[in-house]
Participant: 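Once you've had a glance at the structure underneath, I'll fire off some questions.
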Amino acid sequence: MELETIIGLEVHAQMNTKTKMFCACDNNAWEKAPNTTVCPVCMGHPGTLPVVNRAVLEKAVRSSKALKCTVNERSHFDRKNYFYPDLPAGYQISQYKFPLASNGIVKFSVTDPKTNATTQGECRILRLHIENDAGKLMHRANHSLCDYNRAGTPLMEIVTEPDLRSYKEASSFAEELRRILIAAGSSEADMYKGMMRFDASISLRPKGDTKLYPRVEIKNLNSFKALEKALQYQQKVLEKLWSEGKQPTGETTVGWIDDEERTVLLRDKESAADYRYFPEPDIPPLSIGAAFLAAVTQGMEQLPSEMRSAYIALGLTEAEAAMLVDEPQLRERFDAIQVAIQEPKRASSLVLTQLRGFLTEHGKSLADAPSPNQMVELARAISSGTINVNAGKDVLEKMVLTGKAPNVIIKEEGMGQVSDGTTLQKFIDEAIAANPKAIANFKEGKTAALGAIVGAVMKMSKGQADAKKVQELLLKTLTEGT
Ligand code: ZN
Ligand code: MN
């Protein structure tokens, strides 16, 4: 029997607001001492009241729009009750039946790992809601420690429809989602810092069947790699069960053990009833009007997929476009050069080939790259003929190494291209005198013989002569001479 894989994702993304979701505590706990960015509100003390951070709403609305969701005019918060030591209030303030936004769609490209062919995929978004994060537990030998710095950090929970058909589609979608959230300015989505976490649901069904069979939910996957590996693993487990006629009859929840590359059964899947949801009494319902929507989404950056198509339309390759979409620092420099000189090929060669190459070669990061203004100055110097392409490379390498502006380097090193007619003519006359054989060949109709003369001129000028102008002048000299 041929089986089809059905995958859906729930994604939690930490939002990059300055303060937490319901209090004024610092929302950036990275490398801060445990329990130092906390207050009675995010510690869930009785008698405190949550106040919704306006920036959370603004950023979540922008993200919803970027995911092509409908932002619901009315939504409200609910308490999701459960006990766990990292949850000081004993409940999470989330959204249940009335989420902030619903019904979106994400388009993404999938590259087949075997054939390298790229296809387009689509995944519908069921909902996006906002909720607060819990603290963090650290398990030591025989005890556990609690750090509440993360408690109260705003999260967006994004739930997809079960539209994904392979582990590769799942990770490609997740990567595109990450790009979208970064472009919407709502999350740094730094995987290394645990800012984006996935729960993946997987089930199989006989190909052609339209109903969904009970799923297995894999909890807390913290990287694209883990997402792929866990789905591949669980798919094999399910395939074996189906082949033995023992396919799942109920939903289960498993955890992924990264070191051992396997999942373990945690529990039968919890149902909504287990959480005793009820409307959060301390926060009034949200009402998002047209004016707020318009103000918040005004001037929104292009979506990654739109950016990608625009770069491809300029003549860049898929890979070049993807690099620009993924690296805002490269993109900023490319865009600045393109605006200034309107030569996409030169801009991509300077930024994507040469700049990246020199940074890697000299052990530097993108943060050390010459500023967009300096890159524009360099591009202009080449484009206007002040220096030739090869000298441009040397100048860029010196820019990376010294941090100096290109015009300063060109002046200091005397790298300016020689295009002054009198100087070039002098070189040409000397070269003609020194290469009588080449001249004789030329006069016999072998135009290629001129290469030797141009070469000699380039040598005399230490590579700085304007080659095009040398060609012109040389032809003129020889034709007028005969
Ligand atoms: Zn607080
Ligand atoms: Mn959640």
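In listed order, ligands and their atoms are each counted from 1. FYI, side chains are in, hydrogens and waters are out, and symmetry mates aren't considered; it's all heavy atoms of this structure. For the single chain, residues carry numbers from 1 onward in sequence order.
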Participant: Using a strict cut-off of less than 4.0 Å between a Lys/Arg side-chain nitrogen and an Asp/Glu carboxylate oxygen, indicate whether Lys345 and Glu343 qualify as a salt bridge.
Facilitator: no
Participant: Which atom, among the N/O/S set of Glu131, is closest to the Mn ion (ligand 2)?
Facilitator: OE2
Participant: Parallel under 30°, tilted from 30 to 60°, perpendicular over 60°: which one fits the rings of His362 and Phe358?
Facilitator: parallel
Participant: With the Mn ion (ligand 2) as the reference point, give the N/O/S atom of His12 that is nearest.
Facilitator: NE2
Participant: How about Trp242 and Tyr213: are their ring centroids closer than 6.0 Å?
Facilitator: yes
Participant: For the ring pair Tyr96 and Tyr275, is the centre-to-centre distance below 6.0 Å?
Facilitator: no
Participant: Would you name the N/O/S atom of Glu157 that lies closest to the Mn ion (ligand 2)?
Facilitator: OE1
Participant: Using the Zn ion (ligand 1) as the vertex, how large is the angle between SG of Cys23 and SG of Cys42, rounded to 10 degrees?
Facilitator: 110°
Participant: Report, rounded to 10°, the angle at the Zn ion (ligand 1) between the two atoms SG (Cys39) and SG (Cys25).
Facilitator: 100°
Participant: Tell me, please, if Glu10 has any N/O/S atom, main chain or side chain, under 2.8 Å from the Mn ion (ligand 2)?
Facilitator: no
Participant: Using the rule given for salt bridge (Lys or Arg N to Asp or Glu O under 4.0 Å), can you reason through Lys219 versus Glu217, listing the C-alpha separation, both sets of side-chain angles and the distance that settles it, and then say yes or no?
Facilitator: CA-CA 6 Å; Lys219 282 282 181 197; Glu217 187 180 27; 3.8 Å; yes
